[in-house]
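A quick note: this is a predicted structure, and the numbers were derived from the prediction, not measured. All values below were derived from every heavy atom in this structure, side-chain atoms included, with hydrogens, water molecules and symmetry-related copies excluded.
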Amino acid sequence: MRSFIMSMLLISLLGLIGCSEQRQFKGESINWSVACSVTAKDKSYEIRYIGQESQPDTIVQYAFKESRNFQNSGESKGSFRNKIISGKSTINSPYFDEDHFTLHIQWNDKEETIRVVKQ
């Protein structure tokens, strides 16, 4: 009986270790890059301006689409040269296995849709 309990404990611990794995998603366009990560405790994202255009101030609007892990949208005001927009996902549920989703971003009468894929 004791070896059965020890075996079950070992299997449970191995299962927990497997669940704590960090999953990465990345995507890039001409002007923006996006990196998202999911762990057992956290779902976070970072959107970074990588373009060459230098505008003083603007409003950047973004929205994640087609994702069960990231359903965020919002806007950021101010200079976007070297701009980084970061946050945590508003979904509190566990990780959903998905291969890709998109990020739609608008600024200065321009817009891009970025395909974000699991790494």
Side-chain angles (χ1 to χ4, degrees):
M1 181 70 163
R2 187 175 179 182
S3 68
F4 174 75
I5 293 172
M6 293 302 286
S7 297
M8 293 306 290
L9 182 61
L10 181 61
I11 290 170
S12 297
L13 286 173
L14 290 174
L16 288 174
I17 291 169
C19 292
S20 66
E21 178 182 330
Q22 185 176 26
R23 292 161 182 93
Q24 297 286 329
F25 297 86
K26 293 186 180 182
E28 190 171 294
S29 67
I30 295 171
N31 293 295
W32 298 92
S33 72
V34 60
C36 302
S37 75
V38 178
T39 66
K41 297 179 181 178
D42 191 33
K43 296 178 183 181
S44 60
Y45 63 90
E46 181 180 278
I47 304 165
R48 182 181 299 263
Y49 181 72
I50 58 173
Q52 301 301 313
E53 196 175 315
S54 179
Q55 296 288 328
D57 287 318
T58 192
I59 296 174
V60 177
Q61 297 176 318
Y62 64 94
F64 288 94
K65 307 284 185 179
E66 304 162 4
S67 176
R68 294 182 68 194
N69 290 303
F70 298 93
Q71 293 184 352
N72 302 61
S73 63
E75 69 178 34
S76 178
K77 299 176 184 177
S79 173
F80 67 94
R81 182 93 173 137
N82 300 318
K83 178 178 258 326
I84 298 174
I85 303 167
S86 61
K88 302 216 182 270
S89 178
T90 56
I91 294 180
N92 294 324
S93 59
Y95 169 74
F96 292 99
D97 191 26
E98 55 191 3
D99 293 327
H100 67 277
F101 49 90
T102 59
L103 172 71
H104 186 79
I105 193 159
Q106 296 177 298
W107 78 105
N108 284 354
D109 297 324
K110 297 177 184 175
E111 61 184 278
E112 291 180 352
T113 299
I114 304 166
R115 182 176 167 92
V116 185
V117 296
K118 184 162 69 171
Q119 302 294 296

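The closest donor-acceptor contact from the side chain of Glu98 to the backbone of Arg68 lies under 3.5 Å. Using modelled atom types, no side-chain atom of Glu28 and backbone atom of Lys26 make a donor-acceptor pair closer than 3.5 Å. A donor-acceptor pair under 3.5 Å links the side-chain atoms of Asn69 to the main chain of Phe96, judged by distance alone.
Applying the side-chain contact (heavy atoms from CB on, under 4.5 Å) rule to Thr113 yields the partners Thr102, His104; only residues at least two apart in sequence or on another chain are considered. Not counting sequence neighbours, the partners of Glu75 by the side-chain hydrogen bond (donor to acceptor under 3.5 Å, both in side chains) test are Gln61. Residues satisfying the salt bridge (charged side-chain N to carboxylate O under 4.0 Å, His left out) test with Glu46, not counting sequence neighbours, are Arg48. For Lys110, the side-chain contact (heavy atoms from CB on, under 4.5 Å) partners are Glu53, Trp107, not counting sequence neighbours. Annotation: side-chain hydrogen bond (donor to acceptor under 3.5 Å, both in side chains) contacts of Ser86 (sequence neighbours excluded): none.
Using cut-offs of 30° and 60° on the angle between ring planes, the pair Phe25 and Tyr95 is tilted.
For the atom pair OG (Ser37) and CZ (Arg23), the distance works out to 11.0 Å, reported to the nearest 0.5 Å. Note that CG of Asp109 and OG1 of Thr58 are 8.0 Å apart. Values are rounded to the nearest 0.5 Å. Note that the CG atom of Leu103 and the CZ atom of Arg115 stand 13.5 Å from one another [nearest 0.5 Å]. To the nearest 0.5 Å, atom CD of residue Gln24 and atom CD of residue Gln119 are 8.0 Å apart.
Proximity of Lys83 to Ile47: side-chain heavy atoms (C-beta onward) are nowhere separated by under 4.5 Å.
What you find for Phe70 and Ser44 is that their closest heavy atoms are CE2-O, 3.4 Å. Here the closest non-hydrogen pair linking Gly27 and Ile114 is C-CG2, 3.7 Å. Of all heavy-atom pairs spanning Ile85 and Val60, the tightest one is CD1-CG1, 3.9 Å. Here the closest non-hydrogen pair linking Glu66 and Phe101 is O-CB, 3.5 Å.
Residue Lys65 qualifies as open at atom NZ: its count of foreign heavy atoms under 6.0 Å is 12 or below.
Aromatic ring centres of Tyr45 and Phe64: separated by under 6.0 Å.
Listed by first then second residue, pairs satisfying salt bridge (Lys or Arg N to Asp or Glu O under 4.0 Å) with a partner in residues 30-42 read Asp42-Lys88, not counting sequence neighbours.
There is no side-chain donor-acceptor pair under 3.5 Å between Gln22 and Thr39.
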